[in-house]
Amino acid sequence: MFSYKHRVRYYETDKMGVAHHSSFVYWFENARVEFLRDLGIDYKDIENAGYNLAVVEINGRFLKPVFYDELISIKVKASRFDGKYAKFDYYVFNEKSETVVKGCTKHFVVDRELKRVKLPDVFLNKIKEKLQERE
């Protein structure tokens with residue numbers, strides 16, 4: 001699993017000083033993009049080639065609150081990546097290493113016209129190769 005660190009900013013919290021649930025959408029995306037970069041795939045290159053990973057579903061189970069200025073760790077893994085569909089799982093930990101959120105995002109690969117397509121093998125093979133190396 002890839003780990004992404006983030007310090008909770010003041011504007012990411014609500015009136016109670018707790019990280020707002022909407023912030024996790026951004027944090028999941030940041031972790032996912034950095035995870036792909038760590039695999040040797042720059043998301044910008046995927047976009048420049050005319051493809052995107054369109055989010056079609058996002059889920060989160062909030063177990064404990066996260067507070068302003070807390071350093072969290074988001075662990076992400078690709079539980080499925082077949083070239084047309086991807087599923088990423090996220091585990092968010094607080095500074096005490098307690099699991100505070102479990103989530104996932106599901107994606108379709110789309111072209112510039114937002115039609116579902118298969119990611120070209122140049123990207124897919126690299127991703128699959130790197131994921132297998134990590135198992």
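Everything numeric in this text was worked out from a predicted model, so none of it was measured. The first residue in the sequence is number 1, and the count goes up from there.
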First locate atom NZ of Lys64, then atom OG1 of Thr99, and finally report the distance between them rounded to the nearest 0.5 Å.
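The distance works out to 9.0 Å.
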Does Val110 belong to the same Ile/Leu/Val/Met/Phe/Trp/Tyr cluster as Tyr43, with side-chain heavy atoms less than 4.5 Å apart forming each link?
no
Atom CZ of Arg61: over 12 foreign heavy atoms under 6.0 Å
no
Tell me, do Lys106 and Tyr85 make a side-chain contact under 4.5 Å, heavy atoms counted?
yes
Tell me, do Glu12 and His6 make a side-chain contact under 4.5 Å, heavy atoms counted?
yes
Locate the shortest heavy-atom distance separating Lys130 from Leu39; write the atom from each residue and the value.
CG-O, 3.1 Å
Could you give the distance from CZ (Phe108) to CG (Leu53), rounded to the nearest 0.5 Å?
12.0 Å
Shortest non-hydrogen separation from Arg112 to Glu47 and the atoms involved
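Shortest heavy-atom contact: NH2-O, 3.6 Å.
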Taking all heavy atoms of Lys126 and all of Gly40, pick out the closest pair and write down the distance.
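Reported closest heavy-atom pair: NZ-O, 3.0 Å.
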Tightest non-hydrogen contact, residues Pro65 and Glu70, listed as O-OE1, 4.5 Å
Just so I know, are the side chains of Val18 and Val66 near enough to count as touching, which here means a heavy-atom distance under 4.5 Å?
no
Would Phe81 end up clustered with Val56 when hydrophobic side chains under 4.5 Å apart are linked, directly or stepwise?
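No, because Phe81 and Val56 fall into different hydrophobic clusters, even though each may have its own neighbours under 4.5 Å.
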Joint cluster assignment, Val25 & Leu63, ILVMFWY side-chain distance < 4.5 Å:
no
Hydrophobic cluster identity match, Trp27 and Tyr91, side-chain contacts under 4.5 Å
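No; Tyr91 is not reachable from Trp27 via cluster members.
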So, taking the atom named OG in Ser79 and the one named CE in Met1, what distance separates them when rounded to the nearest 0.5 Å?
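If we round to the nearest 0.5 Å, Ser79:OG and Met1:CE are 10.5 Å apart.
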Give me the ring orientation class for Phe35 and Phe88: parallel if the planes are under 30° apart, tilted from 30 to 60°, perpendicular past 60°.
perpendicular
I'd like to know if the side chain of Thr13 reaches the main chain of Tyr68, judged simply by a donor and an acceptor atom lying under 3.5 Å from each other, with no hydrogens or angles considered.
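Not at all, since once roles are kept as given, no pair shorter than 3.5 Å links the two residues.
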Starting from Tyr11, can I reach Leu71 by hopping between I/L/V/M/F/W/Y residues whose side chains sit under 4.5 Å apart?
no
Carefully, step by step, assess Ile58 and Phe24 under the rule side chain to side chain contact (heavy atoms under 4.5 Å, CB included).
CA-CA 10 Å; Ile58 185 165; Phe24 288 88; over 6 Å; no
How long is the span from the CD1 atom in Ile127 to the CD1 atom in Ile41, to the nearest 0.5 Å?
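CD1 of Ile41 is found 4.5 Å from CD1 of Ile127.
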Once the angle between the rings of Tyr90 and Phe28 is folded into 0 to 90°, is it parallel (under 30°), tilted (30 to 60°) or perpendicular (over 60°)?
parallel
Whether Asp121 side chain and Asn125 backbone form a donor-acceptor pair below 3.5 Å
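Judged by distance alone, no pair lies under 3.5 Å.
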Hey, could you give me the NZ/CZ distance between Lys87 and Arg80, rounded to the nearest 0.5 Å?
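Reported to 0.5 Å precision, the distance equals 10.0 Å.
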What is the minimum heavy-atom distance between Lys118 and Tyr51, and which atoms define it?
O-CE2, 4.0 Å
Residues in side-chain contact (heavy atoms from CB on, under 4.5 Å) contact with Asp42, at least two apart in sequence or another chain
Arg37, Lys44, Asp45
Using side chain to side chain contact (heavy atoms under 4.5 Å, CB included), reason through Asn94 and Phe67 one step at a time and then give a plain yes or no.
CA-CA 9 Å; Asn94 62 16; Phe67 299 96; over 6 Å; no
For the residue pair Glu34 and Ile74, establish whether any side-chain heavy-atom pair is separated by less than 4.5 Å.
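Result no, sub-4.5 Å side-chain heavy-atom pair not found.
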What's the spacing between Ile72 CD1 and Tyr4 OH if we round to 0.5 Å?
8.5 Å
So, for Ile46 and Asn52, which heavy atoms are closest and what is the spacing to 0.1 Å?
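Minimum heavy-atom contact is CG2-N, 4.4 Å.
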